[in-house]
J.: 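Next up is a structure, given as C-alpha coordinates.
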Amino acid sequence: MLEFIKKIKSSEIDIVEHTHKVIDECKKINREYNYFNFISEELALEQANNIKKQLKNNDKNIKNKKLLGVAVSVKDSICVKDVESTAGSRILKGYKPLFDATVIKKIKEEGAIIIGKTSQDEFGFGSFSVNIGIGFKVPKNPIDNERTCGGSSGGAAGITKKASFPHIALGESTGGSIAEPASFCDVFGLCPTYGLVSRYGLIDFGNSLDKIGPLGKTCYETALLQEAISGYDEKDSTSLNVPSQDYTNLGNKNIKNAKIGVIKEAFSEGVAKEVKKKIWEGIKKLESNGIKYEEISLELPIKYGLAAYYMIGTSEASTNLAKFCGMRYGISEKLEGNFNEYFTKIRSGNFSEEAKRRIILGTFARMSGYRDAYYIKAMKLRALMTQEYKKAFKKYDALISPTVAILPPKFRDIEKLTPLQNYMMDVMLVGPNVCGLPHLNVPVGYENKLPVGMLLIGDHLQEKKLLELGSLLEK
Ligand code: GLN
(Lines give C-alpha, C1' and ligand atoms only; values in the text may rest on other atoms or scores of the structure.)
Protein backbone atom coordinates (compact mmCIF):
# COMPACT_ATOMS: atom_id res chain seq x y z
CA MET A 1 0.00 0.00 0.00
CA LEU A 2 2.85 2.38 0.83
CA GLU A 3 4.33 1.74 -2.61
CA PHE A 4 0.97 2.45 -4.21
CA ILE A 5 0.53 5.74 -2.36
CA LYS A 6 4.05 6.77 -3.41
CA LYS A 7 3.21 6.06 -7.05
CA ILE A 8 0.04 8.12 -6.80
CA LYS A 9 2.01 11.00 -5.29
CA SER A 10 4.61 10.88 -8.05
CA SER A 11 1.85 10.48 -10.68
CA GLU A 12 3.47 7.23 -11.83
CA ILE A 13 -0.05 5.84 -11.49
CA ASP A 14 -2.74 8.07 -12.94
CA ILE A 15 -5.34 8.39 -10.18
CA VAL A 16 -8.28 8.91 -12.53
CA GLU A 17 -7.46 5.92 -14.73
CA HIS A 18 -6.86 3.83 -11.64
CA THR A 19 -10.18 4.82 -10.10
CA HIS A 20 -12.03 3.91 -13.30
CA LYS A 21 -10.47 0.44 -13.08
CA VAL A 22 -11.38 0.15 -9.41
CA ILE A 23 -15.02 0.99 -10.08
CA ASP A 24 -15.17 -1.48 -12.99
CA GLU A 25 -13.79 -4.22 -10.79
CA CYS A 26 -16.27 -3.40 -8.01
CA LYS A 27 -19.16 -3.63 -10.46
CA LYS A 28 -17.90 -6.95 -11.76
CA ILE A 29 -17.41 -8.43 -8.27
CA ASN A 30 -20.77 -7.09 -7.17
CA ARG A 31 -22.65 -8.97 -9.88
CA GLU A 32 -21.68 -12.22 -8.24
CA TYR A 33 -20.98 -11.36 -4.60
CA ASN A 34 -23.27 -8.45 -3.59
CA TYR A 35 -20.75 -6.55 -1.47
CA PHE A 36 -22.18 -3.12 -2.26
CA ASN A 37 -25.63 -1.68 -1.71
CA PHE A 38 -24.41 1.25 -3.74
CA ILE A 39 -21.24 1.91 -5.76
CA SER A 40 -20.45 5.63 -5.53
CA GLU A 41 -18.91 5.99 -8.97
CA GLU A 42 -19.67 9.68 -9.33
CA LEU A 43 -18.16 10.67 -5.99
CA ALA A 44 -15.09 8.44 -6.51
CA LEU A 45 -14.33 9.99 -9.89
CA GLU A 46 -14.92 13.50 -8.63
CA GLN A 47 -12.44 12.85 -5.81
CA ALA A 48 -9.93 11.30 -8.20
CA ASN A 49 -10.16 14.27 -10.57
CA ASN A 50 -9.64 16.66 -7.67
CA ILE A 51 -6.55 14.79 -6.56
CA LYS A 52 -5.21 14.79 -10.09
CA LYS A 53 -5.68 18.55 -10.30
CA GLN A 54 -3.96 19.12 -6.98
CA LEU A 55 -1.04 16.93 -8.04
CA LYS A 56 -0.73 18.82 -11.29
CA ASN A 57 -0.69 22.13 -9.45
CA ASN A 58 1.95 20.78 -7.10
CA ASP A 59 -0.31 21.56 -4.16
CA LYS A 60 2.01 21.26 -1.16
CA ASN A 61 -0.59 19.69 1.15
CA ILE A 62 -1.22 16.75 -1.09
CA LYS A 63 2.10 15.04 -0.44
CA ASN A 64 1.32 14.56 3.26
CA LYS A 65 -1.95 12.76 2.79
CA LYS A 66 -1.92 9.36 4.43
CA LEU A 67 -4.49 7.63 2.23
CA LEU A 68 -3.89 9.37 -1.06
CA GLY A 69 -5.74 7.50 -3.79
CA VAL A 70 -6.59 4.51 -1.60
CA ALA A 71 -10.06 3.06 -2.20
CA VAL A 72 -12.13 2.92 0.97
CA SER A 73 -15.49 1.15 1.13
CA VAL A 74 -17.95 2.34 3.77
CA LYS A 75 -20.49 0.26 5.67
CA ASP A 76 -23.93 1.43 4.66
CA SER A 77 -24.76 2.59 8.20
CA ILE A 78 -22.13 5.36 8.03
CA CYS A 79 -23.39 8.61 6.49
CA VAL A 80 -21.70 9.92 3.36
CA LYS A 81 -22.86 13.30 2.11
CA ASP A 82 -25.12 13.07 -0.94
CA VAL A 83 -24.71 9.28 -1.17
CA GLU A 84 -27.66 7.06 -0.31
CA SER A 85 -27.05 5.75 3.23
CA THR A 86 -29.62 3.21 4.36
CA ALA A 87 -27.97 0.97 6.98
CA GLY A 88 -29.30 -1.82 4.78
CA SER A 89 -32.94 -0.96 5.48
CA ARG A 90 -35.76 -0.23 3.08
CA ILE A 91 -37.16 2.28 5.56
CA LEU A 92 -34.16 4.51 4.71
CA LYS A 93 -34.41 4.09 0.94
CA GLY A 94 -33.66 7.39 -0.76
CA TYR A 95 -32.04 8.96 2.30
CA LYS A 96 -29.05 11.03 1.19
CA PRO A 97 -27.37 12.68 4.20
CA LEU A 98 -26.68 16.39 4.00
CA PHE A 99 -23.42 15.89 5.87
CA ASP A 100 -20.44 13.55 6.20
CA ALA A 101 -19.89 11.39 9.27
CA THR A 102 -16.76 12.53 11.10
CA VAL A 103 -14.84 9.42 9.95
CA ILE A 104 -15.74 10.24 6.34
CA LYS A 105 -14.64 13.82 6.74
CA LYS A 106 -11.34 12.58 8.15
CA ILE A 107 -10.59 10.06 5.41
CA LYS A 108 -11.57 12.52 2.69
CA GLU A 109 -9.06 14.94 4.19
CA GLU A 110 -6.42 12.19 3.95
CA GLY A 111 -7.12 11.71 0.25
CA ALA A 112 -9.06 8.42 0.38
CA ILE A 113 -11.41 7.62 -2.51
CA ILE A 114 -14.85 6.50 -1.37
CA ILE A 115 -16.01 3.67 -3.62
CA GLY A 116 -19.36 2.70 -2.16
CA LYS A 117 -21.65 1.61 0.65
CA THR A 118 -21.23 -2.01 1.71
CA SER A 119 -23.99 -4.50 2.39
CA GLN A 120 -24.89 -5.47 5.94
CA ASP A 121 -27.59 -6.91 8.16
CA GLU A 122 -30.35 -4.33 8.49
CA PHE A 123 -29.11 -1.74 11.07
CA GLY A 124 -26.45 -4.30 12.09
CA PHE A 125 -28.93 -6.84 13.44
CA GLY A 126 -27.23 -10.14 12.68
CA SER A 127 -24.09 -12.22 12.26
CA PHE A 128 -24.41 -13.57 8.73
CA SER A 129 -25.59 -10.58 6.67
CA VAL A 130 -28.74 -12.54 5.85
CA ASN A 131 -31.08 -10.34 7.96
CA ILE A 132 -31.14 -7.83 5.17
CA GLY A 133 -33.70 -5.15 4.44
CA ILE A 134 -36.47 -5.80 1.95
CA GLY A 135 -35.09 -5.51 -1.58
CA PHE A 136 -31.39 -5.86 -0.61
CA LYS A 137 -29.02 -8.68 -1.58
CA VAL A 138 -27.07 -11.10 0.62
CA PRO A 139 -23.25 -10.89 0.29
CA LYS A 140 -21.45 -14.19 -0.35
CA ASN A 141 -18.23 -15.48 1.12
CA PRO A 142 -15.25 -14.65 -1.12
CA ILE A 143 -13.67 -18.04 -0.46
CA ASP A 144 -16.78 -20.18 -1.01
CA ASN A 145 -19.89 -18.49 -2.36
CA GLU A 146 -22.28 -21.02 -0.82
CA ARG A 147 -21.25 -19.71 2.57
CA THR A 148 -21.79 -16.55 4.56
CA CYS A 149 -19.40 -13.61 4.83
CA GLY A 150 -20.45 -13.22 8.44
CA GLY A 151 -21.99 -10.01 9.63
CA SER A 152 -23.11 -7.53 10.17
CA SER A 153 -20.22 -5.87 8.27
CA GLY A 154 -20.41 -8.69 5.70
CA GLY A 155 -19.97 -6.66 2.52
CA ALA A 156 -17.03 -4.81 4.10
CA ALA A 157 -15.18 -8.04 4.90
CA GLY A 158 -16.00 -9.64 1.54
CA ILE A 159 -14.75 -6.79 -0.62
CA THR A 160 -11.64 -6.46 1.56
CA LYS A 161 -10.68 -10.04 0.68
CA LYS A 162 -11.79 -9.97 -2.94
CA ALA A 163 -10.49 -6.60 -4.17
CA SER A 164 -7.29 -6.86 -6.21
CA PHE A 165 -6.68 -3.09 -5.84
CA PRO A 166 -5.36 -1.33 -2.72
CA HIS A 167 -8.39 -1.05 -0.46
CA ILE A 168 -9.41 -0.72 3.19
CA ALA A 169 -12.95 -0.91 4.61
CA LEU A 170 -14.80 1.02 7.26
CA GLY A 171 -16.98 -1.32 9.31
CA GLU A 172 -19.00 -1.01 12.51
CA SER A 173 -19.36 -3.25 15.52
CA THR A 174 -22.00 -3.26 18.22
CA GLY A 175 -21.58 -6.81 19.45
CA GLY A 176 -18.95 -8.31 17.15
CA SER A 177 -19.72 -7.11 13.64
CA ILE A 178 -16.16 -6.21 12.66
CA ALA A 179 -14.16 -9.18 13.98
CA GLU A 180 -16.71 -11.87 13.10
CA PRO A 181 -17.00 -11.17 9.34
CA ALA A 182 -13.24 -10.49 9.24
CA SER A 183 -12.69 -13.99 10.60
CA PHE A 184 -15.04 -15.61 8.06
CA CYS A 185 -13.42 -13.72 5.16
CA ASP A 186 -9.77 -14.16 6.17
CA VAL A 187 -8.91 -10.49 6.79
CA PHE A 188 -7.88 -8.29 9.71
CA GLY A 189 -10.60 -6.39 11.53
CA LEU A 190 -10.03 -3.99 14.41
CA CYS A 191 -12.82 -2.89 16.70
CA PRO A 192 -11.32 0.02 18.66
CA THR A 193 -11.96 1.12 22.24
CA TYR A 194 -15.44 2.62 22.64
CA GLY A 195 -15.12 6.38 22.19
CA LEU A 196 -11.78 6.38 20.36
CA VAL A 197 -13.49 6.90 16.99
CA SER A 198 -16.30 9.41 16.65
CA ARG A 199 -19.80 8.00 16.13
CA TYR A 200 -21.07 11.26 14.68
CA GLY A 201 -22.88 10.38 11.47
CA LEU A 202 -23.24 6.69 12.25
CA ILE A 203 -26.82 5.43 12.00
CA ASP A 204 -27.20 4.17 15.58
CA PHE A 205 -27.86 0.61 16.62
CA GLY A 206 -26.99 0.85 20.33
CA ASN A 207 -25.37 4.13 21.35
CA SER A 208 -23.45 2.76 24.31
CA LEU A 209 -22.09 -0.11 22.20
CA ASP A 210 -21.45 1.13 18.65
CA LYS A 211 -17.87 1.45 17.38
CA ILE A 212 -16.60 2.28 13.90
CA GLY A 213 -13.39 0.46 12.90
CA PRO A 214 -11.22 -0.69 9.97
CA LEU A 215 -10.91 -3.98 8.07
CA GLY A 216 -7.83 -4.62 5.95
CA LYS A 217 -6.02 -7.35 4.07
CA THR A 218 -2.92 -6.69 6.14
CA CYS A 219 -2.33 -5.58 9.69
CA TYR A 220 -0.53 -2.48 8.42
CA GLU A 221 -3.47 -1.38 6.27
CA THR A 222 -5.84 -1.88 9.17
CA ALA A 223 -3.57 0.24 11.37
CA LEU A 224 -3.34 2.93 8.69
CA LEU A 225 -7.09 3.46 8.54
CA GLN A 226 -7.36 3.32 12.34
CA GLU A 227 -4.80 6.10 12.56
CA ALA A 228 -6.78 8.21 10.11
CA ILE A 229 -10.12 7.90 11.92
CA SER A 230 -9.12 8.07 15.62
CA GLY A 231 -9.42 11.25 17.60
CA TYR A 232 -11.57 13.49 19.73
CA ASP A 233 -14.72 14.95 18.20
CA GLU A 234 -16.82 17.55 19.97
CA LYS A 235 -19.81 16.39 17.94
CA ASP A 236 -19.88 13.05 19.80
CA SER A 237 -20.49 13.42 23.54
CA THR A 238 -18.93 10.01 24.23
CA SER A 239 -15.77 10.76 22.28
CA LEU A 240 -12.52 10.29 24.23
CA ASN A 241 -10.07 13.14 24.49
CA VAL A 242 -6.78 11.24 24.46
CA PRO A 243 -3.44 11.92 22.74
CA SER A 244 -3.22 10.58 19.20
CA GLN A 245 -1.11 7.51 18.54
CA ASP A 246 1.03 6.26 15.73
CA TYR A 247 -0.49 2.87 14.94
CA THR A 248 1.39 2.10 11.75
CA ASN A 249 4.84 1.84 13.22
CA LEU A 250 4.44 -1.87 13.90
CA GLY A 251 7.59 -3.05 15.65
CA ASN A 252 7.54 -5.00 18.87
CA LYS A 253 8.19 -2.11 21.22
CA ASN A 254 4.97 -2.57 23.16
CA ILE A 255 5.01 -6.36 23.27
CA LYS A 256 8.55 -7.11 24.38
CA ASN A 257 8.15 -9.51 27.32
CA ALA A 258 4.43 -9.58 26.68
CA LYS A 259 2.30 -12.10 28.51
CA ILE A 260 -0.95 -13.40 27.16
CA GLY A 261 -3.94 -15.03 28.79
CA VAL A 262 -5.66 -17.79 26.85
CA ILE A 263 -9.31 -17.84 27.87
CA LYS A 264 -10.10 -21.43 28.96
CA GLU A 265 -13.86 -21.06 28.68
CA ALA A 266 -13.47 -20.19 25.00
CA PHE A 267 -12.26 -23.68 24.13
CA SER A 268 -15.24 -25.65 25.40
CA GLU A 269 -17.04 -28.51 23.68
CA GLY A 270 -19.14 -26.29 21.46
CA VAL A 271 -16.07 -24.99 19.62
CA ALA A 272 -15.19 -26.77 16.34
CA LYS A 273 -12.01 -28.86 16.59
CA GLU A 274 -10.64 -27.30 13.38
CA VAL A 275 -10.93 -23.88 14.99
CA LYS A 276 -9.24 -24.99 18.22
CA LYS A 277 -6.39 -26.56 16.27
CA LYS A 278 -5.61 -23.41 14.29
CA ILE A 279 -5.86 -21.13 17.30
CA TRP A 280 -3.43 -23.28 19.26
CA GLU A 281 -1.01 -23.29 16.32
CA GLY A 282 -1.19 -19.50 16.42
CA ILE A 283 -0.53 -19.42 20.16
CA LYS A 284 2.51 -21.66 19.70
CA LYS A 285 3.78 -19.36 16.97
CA LEU A 286 3.55 -16.42 19.36
CA GLU A 287 5.35 -18.49 21.98
CA SER A 288 8.19 -19.30 19.61
CA ASN A 289 8.55 -15.53 19.12
CA GLY A 290 9.10 -14.95 22.80
CA ILE A 291 5.52 -14.24 23.89
CA LYS A 292 4.61 -16.05 27.08
CA TYR A 293 1.13 -17.40 27.67
CA GLU A 294 -0.95 -18.91 30.43
CA GLU A 295 -4.40 -20.40 30.41
CA ILE A 296 -6.76 -18.39 32.52
CA SER A 297 -10.36 -18.63 33.57
CA LEU A 298 -12.64 -15.74 32.66
CA GLU A 299 -16.10 -16.74 33.67
CA LEU A 300 -18.53 -13.90 33.27
CA PRO A 301 -18.19 -12.78 29.63
CA ILE A 302 -18.84 -16.15 28.06
CA LYS A 303 -21.49 -17.19 30.56
CA TYR A 304 -23.48 -13.95 30.79
CA GLY A 305 -22.16 -11.78 27.96
CA LEU A 306 -24.88 -12.67 25.49
CA ALA A 307 -27.70 -12.06 27.96
CA ALA A 308 -26.30 -8.66 28.92
CA TYR A 309 -25.58 -7.71 25.32
CA TYR A 310 -29.00 -8.56 23.94
CA MET A 311 -30.73 -6.76 26.78
CA ILE A 312 -28.70 -3.56 26.34
CA GLY A 313 -28.54 -3.82 22.56
CA THR A 314 -32.25 -4.33 21.95
CA SER A 315 -33.24 -1.71 24.55
CA GLU A 316 -31.14 0.92 22.85
CA ALA A 317 -32.06 -0.21 19.33
CA SER A 318 -35.76 -0.05 20.03
CA THR A 319 -35.55 3.60 21.05
CA ASN A 320 -33.24 4.47 18.15
CA LEU A 321 -35.56 3.01 15.54
CA ALA A 322 -38.49 5.10 16.78
CA LYS A 323 -37.34 8.01 14.61
CA PHE A 324 -37.93 6.02 11.42
CA CYS A 325 -41.58 6.59 10.80
CA GLY A 326 -41.83 7.77 7.22
CA MET A 327 -41.66 11.48 7.95
CA ARG A 328 -38.11 12.70 8.43
CA TYR A 329 -35.79 10.21 6.78
CA GLY A 330 -36.05 7.82 3.86
CA ILE A 331 -39.27 6.31 2.73
CA SER A 332 -42.53 8.21 2.89
CA GLU A 333 -46.00 7.72 1.50
CA LYS A 334 -49.09 9.80 1.03
CA LEU A 335 -50.26 10.95 4.48
CA GLU A 336 -53.50 9.14 5.16
CA GLY A 337 -55.41 8.38 8.35
CA ASN A 338 -54.15 9.50 11.76
CA PHE A 339 -50.46 9.45 12.73
CA ASN A 340 -50.67 6.05 14.39
CA GLU A 341 -52.17 4.49 11.31
CA TYR A 342 -49.59 6.12 9.06
CA PHE A 343 -46.59 5.14 11.23
CA THR A 344 -47.88 1.59 11.56
CA LYS A 345 -48.21 1.23 7.84
CA ILE A 346 -44.72 2.57 7.15
CA ARG A 347 -43.05 0.57 9.92
CA SER A 348 -44.81 -2.74 9.28
CA GLY A 349 -44.15 -2.55 5.57
CA ASN A 350 -40.52 -1.46 5.61
CA PHE A 351 -38.72 -2.97 8.60
CA SER A 352 -37.84 -6.61 8.07
CA GLU A 353 -38.42 -9.42 10.53
CA GLU A 354 -35.31 -9.14 12.71
CA ALA A 355 -35.72 -5.39 13.17
CA LYS A 356 -39.28 -5.96 14.32
CA ARG A 357 -38.17 -8.71 16.70
CA ARG A 358 -35.62 -6.36 18.28
CA ILE A 359 -38.08 -3.50 18.59
CA ILE A 360 -40.49 -5.81 20.41
CA LEU A 361 -37.81 -7.33 22.68
CA GLY A 362 -36.27 -3.97 23.53
CA THR A 363 -39.59 -2.26 24.15
CA PHE A 364 -40.62 -5.12 26.43
CA ALA A 365 -37.38 -4.90 28.43
CA ARG A 366 -37.88 -1.16 28.95
CA MET A 367 -41.51 -1.37 30.06
CA SER A 368 -42.28 0.20 33.40
CA GLY A 369 -41.82 -2.34 36.15
CA TYR A 370 -39.32 -4.41 34.12
CA ARG A 371 -36.49 -1.92 34.09
CA ASP A 372 -34.85 -3.23 37.28
CA ALA A 373 -35.37 -6.85 36.31
CA TYR A 374 -33.77 -6.54 32.88
CA TYR A 375 -31.99 -3.37 31.81
CA ILE A 376 -30.49 -2.44 35.18
CA LYS A 377 -29.45 -6.03 35.77
CA ALA A 378 -27.70 -6.11 32.41
CA MET A 379 -25.89 -2.87 33.27
CA LYS A 380 -24.72 -4.41 36.55
CA LEU A 381 -23.39 -7.39 34.63
CA ARG A 382 -21.62 -5.02 32.31
CA ALA A 383 -19.83 -3.45 35.29
CA LEU A 384 -18.90 -6.85 36.74
CA MET A 385 -17.57 -8.14 33.43
CA THR A 386 -15.49 -4.99 33.02
CA GLN A 387 -14.02 -5.55 36.49
CA GLU A 388 -13.14 -9.13 35.58
CA TYR A 389 -11.38 -8.04 32.40
CA LYS A 390 -9.58 -5.20 34.16
CA LYS A 391 -8.26 -7.64 36.74
CA ALA A 392 -6.93 -9.87 33.96
CA PHE A 393 -5.23 -6.93 32.24
CA LYS A 394 -3.24 -6.22 35.40
CA LYS A 395 -1.41 -9.44 34.61
CA TYR A 396 -1.74 -9.89 30.86
CA ASP A 397 -1.11 -7.67 27.84
CA ALA A 398 -3.80 -9.34 25.80
CA LEU A 399 -6.33 -12.15 25.95
CA ILE A 400 -6.85 -14.79 23.29
CA SER A 401 -9.84 -16.80 22.12
CA PRO A 402 -11.18 -17.97 18.78
CA THR A 403 -13.07 -15.13 17.07
CA VAL A 404 -15.92 -17.46 16.13
CA ALA A 405 -16.56 -20.98 17.41
CA ILE A 406 -17.25 -22.46 13.97
CA LEU A 407 -16.04 -22.28 10.37
CA PRO A 408 -18.15 -20.07 8.05
CA PRO A 409 -21.43 -21.98 7.60
CA LYS A 410 -23.40 -22.61 4.43
CA PHE A 411 -26.49 -20.50 3.79
CA ARG A 412 -28.69 -23.56 3.80
CA ASP A 413 -27.53 -24.45 7.33
CA ILE A 414 -28.10 -20.91 8.57
CA GLU A 415 -31.73 -21.12 7.49
CA LYS A 416 -32.29 -23.86 10.06
CA LEU A 417 -31.01 -21.82 13.02
CA THR A 418 -33.42 -20.40 15.61
CA PRO A 419 -33.06 -16.73 16.59
CA LEU A 420 -31.32 -17.82 19.80
CA GLN A 421 -28.80 -19.97 17.89
CA ASN A 422 -28.17 -16.97 15.66
CA TYR A 423 -27.49 -14.80 18.68
CA MET A 424 -25.03 -17.35 20.06
CA MET A 425 -22.70 -16.81 17.09
CA ASP A 426 -21.10 -13.86 18.90
CA VAL A 427 -20.45 -15.64 22.18
CA MET A 428 -16.70 -14.84 22.04
CA LEU A 429 -17.28 -11.26 20.96
CA VAL A 430 -20.02 -9.79 23.11
CA GLY A 431 -17.74 -9.56 26.18
CA PRO A 432 -15.22 -7.09 24.73
CA ASN A 433 -18.01 -5.26 22.91
CA VAL A 434 -20.16 -4.74 25.99
CA CYS A 435 -17.11 -3.57 27.96
CA GLY A 436 -15.83 -1.26 25.21
CA LEU A 437 -12.51 -3.12 24.91
CA PRO A 438 -10.48 -3.08 21.69
CA HIS A 439 -10.24 -6.38 19.84
CA LEU A 440 -8.60 -7.55 16.65
CA ASN A 441 -9.29 -10.49 14.38
CA VAL A 442 -6.09 -12.02 13.08
CA PRO A 443 -6.30 -14.63 10.29
CA VAL A 444 -4.39 -17.75 11.36
CA GLY A 445 -4.74 -19.99 8.33
CA TYR A 446 -7.11 -22.45 6.72
CA GLU A 447 -8.66 -25.71 7.82
CA ASN A 448 -10.88 -27.69 5.39
CA LYS A 449 -10.18 -24.87 2.89
CA LEU A 450 -11.90 -22.38 5.20
CA PRO A 451 -10.33 -19.52 7.15
CA VAL A 452 -9.96 -19.38 10.94
CA GLY A 453 -9.51 -16.18 12.92
CA MET A 454 -7.89 -15.57 16.28
CA LEU A 455 -9.34 -12.93 18.58
CA LEU A 456 -6.95 -10.70 20.49
CA ILE A 457 -8.58 -8.59 23.20
CA GLY A 458 -6.74 -5.69 24.82
CA ASP A 459 -7.27 -3.29 27.69
CA HIS A 460 -8.87 0.07 26.89
CA LEU A 461 -6.75 2.11 24.44
CA GLN A 462 -4.21 -0.68 23.95
CA GLU A 463 -4.93 -1.23 20.24
CA LYS A 464 -1.24 -0.71 19.52
CA LYS A 465 -0.32 -3.88 21.41
CA LEU A 466 -2.97 -5.84 19.51
CA LEU A 467 -1.71 -4.57 16.18
CA GLU A 468 1.87 -5.44 17.07
CA LEU A 469 0.84 -8.96 18.08
CA GLY A 470 -1.24 -9.25 14.91
CA SER A 471 1.69 -8.14 12.81
CA LEU A 472 3.95 -10.68 14.50
CA LEU A 473 1.50 -13.46 13.65
CA GLU A 474 1.15 -12.18 10.12
CA LYS A 475 4.90 -12.52 9.58
N1 GLN B 1 -24.42 -10.17 15.77
C2 GLN B 1 -24.70 -9.19 16.77
C3 GLN B 1 -26.13 -8.77 16.69
O4 GLN B 1 -26.85 -9.34 15.97
C5 GLN B 1 -23.76 -8.02 16.63
C6 GLN B 1 -24.09 -7.11 15.52
C7 GLN B 1 -23.21 -5.91 15.43
O8 GLN B 1 -22.15 -5.84 16.04
N9 GLN B 1 -23.65 -4.89 14.71
O10 GLN B 1 -26.56 -7.88 17.33
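Both ligands and their constituent atoms are indexed starting at 1 by order of listing.
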J.: Can you classify the ring geometry of His167 versus Phe165 as parallel (below 30°), tilted (30 to 60°) or perpendicular (above 60°)?
T.: perpendicular

J.: Tell me whether Gly175 has any N or O atom under 3.5 angstrom from an N or O of ligand 1.
T.: yes

J.: Is ligand 1 less than 4.0 angstrom away from at least one heavy atom of Arg358?
T.: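 Right, Arg358 reaches ligand 1.
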
J.: How about Lys75 and Ser152: does a side-chain donor come under 3.5 Å of a side-chain acceptor?
T.: yes

J.: Run the ring-centre check on Phe324 versus Tyr95 and record whether the distance is less than 6.0 Å.
T.: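 No, the ring centres sit 6.0 Å or more apart.
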
J.: Using a 4.0 Å cut-off to any heavy atom of Gly126, which atoms of ligand 1 qualify?
T.: 1 (N), 2 (C), 3 (C), 4 (O), 6 (C)

J.: For the aromatic rings, using the six-membered ring if either is Trp, is the centroid distance between Phe99 and Tyr200 under 6.0 Å?
T.: yes

J.: Backbone, side chain, both or neither: what part of Asp426 comes under 4.0 angstrom of ligand 1, heavy atoms only?
T.: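 It is the side chain that touches ligand 1; the backbone stays farther off.
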
J.: Can you tell which part of Ser152 has a heavy atom less than 4.0 Å from ligand 1: side chain, backbone, both or neither?
T.: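 The answer is the side chain of Ser152.
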
J.: Just to confirm my output: which protein heavy-atom neighbour is closest to atom 7 (C) of ligand 1, and how far is it?
T.: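 Looking at atom 7 (C) of ligand 1, the protein heavy atom closest to it is Ser177 OG, 2.4 Å.
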
J.: Which residue, Asp121, Asn131, Thr86, forms the side chain to side chain contact (heavy atoms under 4.5 Å, CB included) with Phe136?
T.: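 It is Thr86; the other options fail the test.
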
J.: Non-hydrogen atoms of Gly176 versus ligand 1: any pair closer than 4.0 Å?
T.: yes

J.: Assess the side chains of Thr118 and Gln120: does a donor N or O sit below 3.5 Å from an acceptor N or O?
T.: no

J.: Just to be sure I read this right, does ligand 1 sit under 4.0 Å from the backbone of Glu172, its side chain, both, or neither, counting only heavy atoms?
T.: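 It is the side chain that gets close, since no backbone atom is under 4.0 Å.
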
J.: Any heavy atom of Tyr310 sitting closer than 4.0 Å to ligand 1?
T.: yes

J.: Between the candidates Tyr309, Phe125, Phe123, Phe128, which shows the shortest non-hydrogen contact distance to atom 10 (O) of ligand 1?
T.: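 Looking at heavy atoms only, the winner is Tyr309.
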
J.: Nearest 0.5 angstrom please: Asn145 CG to Tyr33 OH, how far?
T.: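 It is 5.0 Å, given to the nearest 0.5 Å.
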
